[in-house]
Each structure stands twice: as structure tokens, then as C-alpha cells.
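All figures in this text were calculated on a predicted structure; none of them were measured in a lab. By convention in this document, chain letters (A, B, ...) are assigned in the order of the sequence lines, proteins followed by strands, and residues within each chain are numbered from 1.
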Amino acid sequence: MRVRFAPSPTGQLHVGNARTALFNWLLARRHDGTFLLRIEDTDAERSTRESERGILDDLRWLGLDWDEGPDVDGLHGPYRQSERLHLYASYANELLAADHAYHCFCSITRLEAERQADLAAGRPPMYKGTCRALSRSESHARTEAGERSVVRFRVPEREEVKFLDLVRGQVTFNTDVIGDPVIVRSDGRPQYNFAVVVDDALMEITHVIRGEDHISNTPRQILIYRALGFTPPEFAHLALVMGPDHTPLSKRHGATSVAEFRARGFLPEALTNYLALIGWSPGHGEELLEIGELARRFAIEDVGHSSGVFDPEKLAWMNRHYMKVAAPARLAAEALTYFVARGFVTRRTDAAVDFVVSLLPMAVGSVDRLEEIPERVRFLFEFDSGSALARADVAEVVSEPGARAVIAALAEELRAAGRLDRETFRAAAARVKQRTGQKGRALFHPIRVALTGEAGGPELDLAV
RNA sequence: GGCCCAUUCGUCUAGUGGCCUAGGACACCGCCCUCUCACGGCGGCGGCACGGGUUCGAAUCCCGUAUGGGCCUCCA
């Protein structure tokens, strides 16, 4: 089994694409197959190396490794489409020679006008086949005369193209609704539907798992496979990930890229676990599965048919869970970044990591993300009685009957003790209780406010 | 507009003709725990889109309707 993830490097890795990558990876690992990464950078205007680096980085962070790819040599390279141009040219010539393809000289303005006319008339917009019947000599003559042209694939008329989709079952398209697709643009670059077929065939991909947005492209691609003499792979189309309003998840729904979730302090295992559960379930009500376990259980046939809504709340719940089970040293090293960003820690030293480790019990289980940890223990770094008292919730606690007496007594006891650690604190609190007659909330709430400047926060024992 | 695909609690899902009085999780609400915010424990609210069939029996099979999504680009 050979599967692939083929992003175009035109931006950050979107969680929807990350899920597609994950499903491919899970399938490959489940069957001891090969997972390869191919960069679809034929859109030269929008593709960047920076974006490619970012995507590779995000994939690695998620724990998805690839067996062949732009940075991992394999027998089927190169793995960037921009480095495979000669292959597309050669196969395009083959199609041309076999009359499976032809030159089209229609101008973009003409095509656009036709499209608008179709739309206005309520017809499906589709290429009319204007240049289909051009003779080879006429094509040649017009090209010689300097006319620009694209190469279109000749879609056979009135033919049913069927394929068995691994998640959807039998899917049928009639070629009457498919216009002849451009396979080579006028600047000589290959078009997606063509390049993807050449690559998947040459890279010996056995299973194409991709987003549902490609399902209508599939019959076109199958036709090209056949014309080229290749056997089409198995296909599986994944329903898309949606926002709360049931439109495809996008920027306006908030964070959508893996990089953003990473920057906000989500753990990769939480993200992969959560993403795997959109459209797939191991059954038995189990939900918390680390990536290796997901790989052992995953079956593409069990993937659901309908699109799922991305739920940040559930992701946050999973992240809380994984923060609880993660090794403290790892968590602290990751969280340190946020302490530095907040200005609480100035240097990333081992001592700083150790210090953050010691802080973890006050935060883990109480916050959703690593980024929220510094705020949870803010009182350790920023304490100002003036600004604390200016806050309504703090002022309210202090105004409670007996609160001032408790605080005054505490100050005396602590001063007498000469230091503040857990033992002296417990003893001091016990004496304050005795002296003031306050207990429970009336005793500890004022103490909390006096010690931390906040009305809420971690367990007092831990804070001390 | 045409074609393709989908439709179980607010959300993610279990369910593959009788085990369903539809199970779990997140969220929400309540109680407990508790110095606070959280965590945790217990409980509650809440769903088979609609209409026809098929069948002794349908969330499960068929048809239609509605709704949602995808594609119809010299973008991938």
C-alpha cells in the first residue's frame, strides 16, 4: 500500500488538510504501507518555499512522518511538481500523439463570456469543445503563426465513469457533464488534474485519500489514467470539516491552521486525537487514543459519509486531558515559551524549566492550554496590593466582616514565623483561626487575597 | 441551473431489520467535593429532517421532498 499527502504550499497547513494527512498516515501505518509527501507547487504565483517549510514543520510536529518526500529521498522522486515538469510534458505529448488531447486556442475572454452566458441561461457552464475538431495541420499552422494555446484532454462522449469509493461506495458520473479539461496551460505548466494523475501513477500510489472537493475531479482523472494506460488507484473521499455555521471551516471561524493551534499551546496529541474523531470512531465509546493506538484501530471503510463541525470546546477538553498525562519536564519546556513571552522568565535555562515544573501542579487540570499557564500563576510574578484592592472581586472579599482581622493577624503570625513555607503557613493559619474565630471561607478567602492579590486561583497550600 | 454527495441530541458519534424505552463524549444545567477559579464524582436536559412505501417488525432497506455541502476555472 502506498498513500500520499499532496499539499500545495500556498499558505499554512489547515486543520482540514491536517486531518486528510492524518487519515492517509493512519492508513499507511495500519497496513505497514508507505506514506509519501508530494508538494503540488505548479501554481508558481502562490507557492512559496516558506509555506512548504511551514507545512513540513507542522506535519512533523503532529507526529506524522513520511517515508518519501521532498526532504527524504525515494525511488519515485523528485517530490516537488515543479521539479517534474519534463515528465508532464512527455506524457502530454503522448496524449496529443494518441489524439487523446488537442490544442485549444480559445481566449480566456471568450471562455469567460461563454461561461457567463451558460450561467445566465441556466445551463451548466462547460467548455463547448470549440477546438475539438481542429485538424492537426491547422493546429500546427496556428501555433507556428504565434497563437497561444492550451492542451485539453478529450473526454469521451456519453460514457458512464464509475468508481468504487472506499468511503462512499459506488459513484457514477456521465461524461456528458464533463467538459474537456485543460491539462497543459498556455505557459506550458501542467494543470492539476493532469499532474496529479501522472504523479500518482508514477509514484505507484495505490490509495488516494483526499477531500470531498475532489470527488467531481475523479472521473476526469480516471479517464486520463486510462488514456495513459495506467490503472487507476483506489479512491476515498473525505467529507469536509465545517465551522459552526456549517460552511467550510475558514479564517472567520477563528483559528484554522495547525500553526495557530500550536502557537496557542495545544499539544499535538490532542489535535491528532481530536481530528481523527471527526468522521471516524473506534467504537465502544472510546475517545482518548494516542496516535499509535489510532493507527492500530483505523479503517478507511469506517470513515463517516457526512461532514463534521469542528468543535474547539471538545479539542480543549482533550488538550486538558493530554496535559494531565504528559511528562512534566516536557510540558514545562513547552510552557516556558509563554512565560518568556509574558515577561515572567527572561532566560531559557534548566533552572527555569525546573521552576516551571514546580508550578505545573497549580495549573494542569485548570487551564485548557499551555499558553494559559503563566496567567494562572501570575501572582508569583506580579503582586501589587494597590491594584489588587482596586479590583471588585478582591475588594468584596476584603469587605467581608472579619476579613481585616484575619489579614492583620496573618501578617503578625507570618512576621513572627520569619519565613513562609507550607509548614509555617499551616501553623500560622491555625493560629489566625484561633485568634479571630474565623474558619472555612471566612478564614481562607481573605488569606488568599492577602497572599496572592487575587480572589481565585490554585490551591493555597500549593501556592504557598 | 446541472451533476455528485450527505442528513441520529446544540456538536462529534455508537447503531448495518428485532438486543433501541436510541448508547457514549463535549457543551449546558443541578448536586457533591471545596478557601476561590478549576479538576473530579454523581445526576439531569436533549436526537433518528419530513412524507410515502417494503416488512410480522425500520434509525437501519426503497422512493420522493426539504435542507446542507462539493464540483462545473489556463486554483489545487
Side-chain angles (χ1 to χ4, degrees), chain A residues 6-8 10 40-43 45-47 81 104 106-108 111-112 115 118-127 148-152 165 167-169 171-174 176-179 181-187 189-193 195-196 210-220 237 239-240 242 244 246-248 274 277-288 304-318 320 324 362-368 376 393 397 429 439-449 452 454-461:
Chain A
S8 61
T10 54
E40 308 218 322
D41 55 354
T42 54
D43 185 345
E45 291 85 50
R46 296 194 302 145
S47 298
Q81 291 189 327
C104 170
C106 297
S107 69
I108 288 179
L111 293 171
E112 186 53 33
R115 192 177 357 262
D118 281 336
L119 251 15
R123 286 188 304 263
M126 197 173 94
Y127 175 64
R148 302 260 284 173
S149 69
V150 298
V151 178
R152 284 186 187 270
D165 191 291
V167 343
R168 274 146 215 286
V171 180
T172 308
F173 284 88
N174 193 295
D176 289 352
V177 302
I178 305 171
V182 170
I183 59 174
V184 180
R185 293 181 268 223
S186 54
D187 62 2
R189 276 152 46 208
Q191 194 268 347
Y192 165 76
N193 279 298
V196 83
R210 75 223 310 192
E212 188 187 30
D213 47 339
H214 290 295
I215 199 163
S216 306
N217 284 323
T218 308
R220 259 184 207 89
H237 289 93
L240 271 20
M242 305 297 213
H246 291 91
T247 63
Y274 177 67
L277 261 34
I278 301 179
W280 178 76
S281 160
H284 314 295
E286 289 175 274
E287 299 203 291
L288 269 2
H305 297 185
S306 55
S307 49
V309 173
F310 187 89
D311 181 8
E313 294 286 354
K314 189 145 186 176
L315 204 214
W317 169 74
M318 282 198 175
R320 281 201 300 271
K324 285 180 208 163
M362 287 192 279
V364 171
S366 303
V367 299
D368 289 345
R376 175 78 177 168
D393 55 349
V397 173
K439 59 180 181 180
R441 185 187 170 90
L443 173 67
F444 286 102
H445 218 179
I447 291 180
R448 164 179 297 285
V449 161
T452 70
E454 288 172 31
E459 208 179 312
L460 263 182
D461 250 17

Engineer: More 5' along RNA chain B: Asn174(A) or Leu277(A), using each one's nearest nucleotide?
Structural biologist: Asn174(A)

Engineer: Applying the Watson-Crick and G-U wobble criteria at under 3.5 Å, what pairs with rA58(B)? Answer none if nothing qualifies.
Structural biologist: none

Engineer: Rounding to the closest angstrom, what is the interatomic distance between rC28(B) and rU11(B) at atom C1'?
Structural biologist: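 My reading of the C1' atoms in rC28(B) and rU11(B) gives 12 Å.
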
Engineer: Quick one: on RNA chain B, does Val367(A) or Thr172(A) contact a more 5' nucleotide (nearest heavy atom)?
Structural biologist: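 Final value for this comparison: Thr172(A).
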
Engineer: If we call it a pair only when both distances are under 3.5 Å in a Watson-Crick or G-U wobble match, what pairs with rC45(B)?
Structural biologist: none

Engineer: For the C1' atoms, the ones on rG2(B) and on rU8(B), what distance do you get once it is rounded to whole angstrom?
Structural biologist: 31 Å

Engineer: Tell me which nucleotide, if any, is Watson-Crick or G-U wobble paired with rU7(B) when both distances must be under 3.5 Å.
Structural biologist: rA66(B)

Engineer: What string of B, S and - do you get for nucleotides 26-37 of chain B 5' to 3' if you count protein non-hydrogen atoms under 4.0 Å?
Structural biologist: SS-------BBB

Engineer: Is there a side-chain contact between Pro282(A) and Leu277(A) in this structure, where contact means two heavy atoms from C-beta onward sitting under 4.5 Å apart?
Structural biologist: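 Answer yes - side chains close enough.
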
Engineer: When both hydrogen-bonding distances must be under 3.5 Å and the geometry is Watson-Crick or G-U wobble, what is rG2(B) paired with, if anything?
Structural biologist: rC71(B)

Engineer: Which nucleotide, if any, forms a Watson-Crick or G-U wobble pair with rC19(B), using both distances under 3.5 Å?
Structural biologist: none

Engineer: How long is the gap from CD on Glu212(A) to CZ on Arg168(A), to the nearest 0.5 Å?
Structural biologist: 4.0 Å

Engineer: When rounded to the nearest Å, what value does the distance between C1' atoms of rG30(B) and rA14(B) take?
Structural biologist: 27 Å

Engineer: Distance check, P atoms only: rG10(B) and rC48(B), in whole angstrom units.
Structural biologist: 8 Å

Engineer: Look at all strands and tell whether Gly279(A) reaches a base, only sugar-phosphate, or nothing, counting heavy atoms closer than 4.0 Å.
Structural biologist: sugar-phosphate

Engineer: Ignoring hydrogens, what is the shortest heavy-atom contact between Ser8(A) and Glu40(A)? Give both atom names and the distance.
Structural biologist: CB-O, 3.1 Å

Engineer: When the P atoms of rG24(B) and rC5(B) are considered, how many whole Å apart are they?
Structural biologist: 34 Å

Engineer: So do Tyr192(A) and Gln81(A) actually touch side chain to side chain, heavy atoms under 4.5 Å?
Structural biologist: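 In short, these two side chains do not touch, never coming nearer than 4.5 Å.
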
Engineer: Sticking with atom C1', work out how far rC42(B) lies from rA49(B), rounded to a whole angstrom.
Structural biologist: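 The answer is 34 Å between these two C1' atoms.
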
Engineer: Do Arg210(A) and Thr218(A) have side chains that get closer than 4.5 Å, going by heavy atoms?
Structural biologist: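 They are in side-chain contact.
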
Engineer: Rounding to the closest angstrom, what is the interatomic distance between rG1(B) and rC62(B) at atom P?
Structural biologist: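 26 Å, rounded to whole Å.
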
Engineer: Tell me: CG of Asp176(A) to C1' of rG2(B), nearest whole Å?
Structural biologist: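 One finds 12 Å between C1' of rG2(B) and CG of Asp176(A), rounded.
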
Engineer: Can you tell me how far C1' in rC26(B) sits from the matching atom in rC39(B), rounded to whole Å?
Structural biologist: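 It comes out at 16 Å once rounded to the nearest Å.
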
Engineer: Any heavy-atom pair between the side chains of Leu288(A) and Met318(A) that's under 4.5 Å?
Structural biologist: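 Sidechains of Leu288(A) and Met318(A): in contact.
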
Engineer: Starting at the 5' end of nucleotides 58-76 of chain B, put B wherever the base has a protein heavy atom under 4.0 Å, S where only the sugar-phosphate does, and a dash everywhere else.
Structural biologist: ----------SSBSBSBSB

Engineer: Syn or anti for rC32(B), with syn set at within 90° of 0?
Structural biologist: anti

Engineer: Got a sec, which residues hit side-chain hydrogen bond (donor to acceptor under 3.5 Å, both in side chains) with Ser47(A), two or more places apart in sequence or on another chain?
Structural biologist: none

Engineer: Check the distance between rU16(B)'s C1' and His305(A)'s NE2 and give it to me in whole angstrom.
Structural biologist: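 Going from NE2 in His305(A) over to C1' in rU16(B) covers 11 Å.
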
Engineer: Would you check if the side chain of Arg185(A) reaches a backbone N or O of Pro190(A) as a donor-acceptor pair within less than 3.5 Å?
Structural biologist: yes

Engineer: For the residue pair Ala455(A) and Val449(A), what are the closest heavy atoms and their distance?
Structural biologist: CA-CG2, 4.2 Å

Engineer: Grab the two heavy atoms, one from Arg220(A) and one from Gly179(A), that are nearest each other, plus how far apart they are.
Structural biologist: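 Looking at all heavy atoms of both residues, the closest pair is NE-O, 4.3 Å.
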
